[in-house]
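Below: the structure, in C-alpha cells.
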Amino acid sequence: MQQDRLWNDWHPVCKADELGDDPKQVHVLGERVVIFRNEKGVHAFKDLCIHRGAALSLGKVVDGKLVCAYHAWEYDEQGACTKIPALPCERPIPKKARAVVYHCEEYMGLIWVCLGDEPEQLINYPEGEADGYRTIICGPYEVNANAPRIIENFIDVAHLMFVHEGMLGDANHAEVVDYNVDFVDGHLTTSKIPVYQPNADGRSKGGYTDYVYQVLRPTVARFTKTTEGSDEEFTILTAVNQEDNEKSRVFMLLTRNYELDQPDEPYREFQDTIFYQDLDIVESQKPELLPLDLQAEMHLKSDALTIAYRRWLSELGIETGTLPLDEEKLERMKKKSAVK
Ligand code: FES
Ligand code: CO
C-alpha cells in the first residue's frame with residue numbers, strides 16, 4: 001500500500017547543524033515527530049508524551065535523556081521511560097511508559113527519519129563523500145505541493161529552456177534528443193541528455209552539457225552534469241520531505257569537483273534563483289496529486305523519464321504520492337484532483 005511504501009522510506013527533516021542541544025519538532029507524512037541528539041547520536045520519537053500527550057519537543061535533553069516539559073518524565077533513546085518524578089521511589093515505572101521510537105540517521109549533513117518498521121536502505125551519495133568533491137546544502141525550500149510533483153519538476157528536461165531560460169537553457173535549443181531510461185540497481189537512470197546551457201551554474205560558459213538523471217527513491221532524485229572534454233562534474237541531489245498532504249520541504253545537495261577553493265555563496269544564490277523560478281509552476285499544477293494513469297495528461301518522447309517515474313510510483317503502489325491520508329481527506333483530494 002501507498003502508505004506502507006513511503007512509510008518505510010527515509011525523509012530528510014532538517015540540516016544536521018540545525019539540531020543542537022534542544023529537541024526539535026519536525027513533520028513527516030503528517031506525523032508530528034521530535035528529533036533530538038545525545039552522545040549516542042540522533043534519535044526520533046513520535047512527538048507525544050504518553051502521560052498526557054504533551055509535545056516532547058517542548059522539553060529538553062538532560063544527561064542524554066529526553067525530558068518532558070510537563071511533568072518531567074524522562075525517556076532514554078530507546079524510548080523507555082527511566083524516571084517519573086511524581087512516582088514514589090519504591091514503585092516501579094510502568095513498562096508501558098514508552099515513547100514511540102522511529103528510525104533516525106544523520107547522513108550528508110541532513111537528519112533523516114523513517115517511520116516504518118521495515119526501513120528501506122538509506123540512499124547512498126558517493127560524490128558527497130569522495131575526495132576532491134565539495135558539497136553544499138541548499139534549502140530547505142518550502143513548497144505547497146506534493147513530493148512527486150516536485151521530484152517530477154526536478155527530473156523534467158524540457159522545461160529548462162523556458163522556466164530557466166538564459167541560465168540553464170535556451171529557447172532556441174529547445175529540442176530534446178531521444179534518450180534511454182533504464183531501471184538499474186533499484187533506481188531509474190537515463191542515458192546522457194545534451195542540453196544547451198547559456199550560463200550553467202552562473203559561470204557564463206555557453207555550450208552543451210550532458211545531464212544524467214537518476215531517481216533513487218520516490219522522493220529522492222539526482223542528476224550529474226558533465227561536458228565532453230572536461231573532468232568537471234556537477235551533481236544535485238534533491239530530497240523532498242512530504243510534511244503533510246499539502247506541504248513539502250525540499251533539500252538539495254550541490255556537489256562539484258572544481259572551484260573547490262572558491263566561495264560557495266554564488267552557487268547557493270544561483271540555485272535559490274533556479275528554485276524560485278520553478279516554485280510558481282509547481283504550486284500551480286493540477287491535479288495536485290501526480291496522475292499515475294498514463295491516459296491522463298499528454299506525454300511526449302522527451303517525457304520518457306517522467307513517464308518512467310509515474311510507472312514506477314504505480315508499481316510501488318504509491319497511488320497518490322501523499323501519505324497517511326485519512327479517508328475523508330483522501331476523498332476530498334481525489335475530488336479536487338479529478339481531471340475535469
Ligand atoms: Fe509528559 Fe506528563 S505529559 S510528563
Ligand atoms: Co526547474
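Starting from 1, each residue takes its place in the sequence as its number. Below, each value reflects all heavy atoms present in this structure, side chains not excepted, and no hydrogens, waters or symmetry copies.
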Any chance you could measure [X], atom [atom1], to [Y], atom [atom2], to the nearest 0.5 Å?
X    : Y    : atom1 : atom2 : result
Q214 : I155 : CD    : CD1   : 11.5 Å
E175 : M161 : CD    : CE    : 9.5 Å
Q121 : L216 : CD    : CG    : 12.0 Å
N146 : Q285 : CG    : CD    : 11.0 Å

For [Y], is there any backbone N or O sitting under 3.5 Å from a side-chain donor or acceptor partner on [X]?
X    : Y    : answer
N257 : E233 : yes
R217 : A239 : no
E283 : N144 : yes
N38  : D63  : no
T190 : Y213 : yes
T273 : E269 : yes
T238 : A221 : no
E74  : K83  : no

(request) Sort out for me which residue in D261, D264, T255 forms a side-chain contact (heavy atoms from CB on, under 4.5 Å) with R134. (result) D264
A side-chain contact here means heavy atoms from C-beta on lying under 4.5 Å apart; do [X] and [Y] qualify?
X    : Y    : value
V250 : F275 : yes
C138 : Y267 : no
Y125 : V220 : no
P12  : R249 : no
V26  : H11  : no

(request) Can you label the angle between the H43 ring and the F36 ring as parallel, tilted or perpendicular, going by 30° and 60°? (result) tilted
(message) In terms of relative ring orientation, are W73 and Y75 parallel, tilted or perpendicular, with 30° and 60° separating the classes?
(response) tilted
With a cut-off of 3.5 Å and sequence neighbours excluded, list every side-chain donor-acceptor pair involving residues 303-312.
residue, atom, partner, partner atom, Å
D303, OD2, L300, N, 2.9
T306, OG1, D303, O, 2.9
Y309, OH, P218, O, 2.6
R310, NE, E152, OE2, 2.6
R310, NH1, P291, O, 3.2
R310, NH1, E297, OE1, 3.0
R310, NH2, E152, OE1, 2.9
R310, NH2, E152, OE2, 3.3
R310, NH2, E297, OE1, 2.7

(message) With no hydrogens and no angle check, just 3.5 Å: does a side-chain donor-acceptor pair link D47 and H27?
(response) no
(message) The test is side-chain hydrogen bond (donor to acceptor under 3.5 Å, both in side chains); show your working for Y141 and D272 and say whether it passes.
(response) CA-CA 9 Å; Y141 304 106; D272 288 352; 2.6 Å; yes
(message) My understanding is that a hydrophobic cluster links ILVMFWY residues whose side chain heavy atoms are under 4.5 Å apart, including indirect links. Using that, what else belongs to the cluster containing Y196?
(response) Y208
(request) Identify, with sequence neighbours excluded, every residue that meets salt bridge (charged side-chain N to carboxylate O under 4.0 Å, His left out) alongside K95. (result) none
(request) Give the intermediate values and the outcome of salt bridge (Lys or Arg N to Asp or Glu O under 4.0 Å) for residues R149 and D156. (result) CA-CA 10 Å; R149 279 286 189 200; D156 180 288; over 6 Å; no
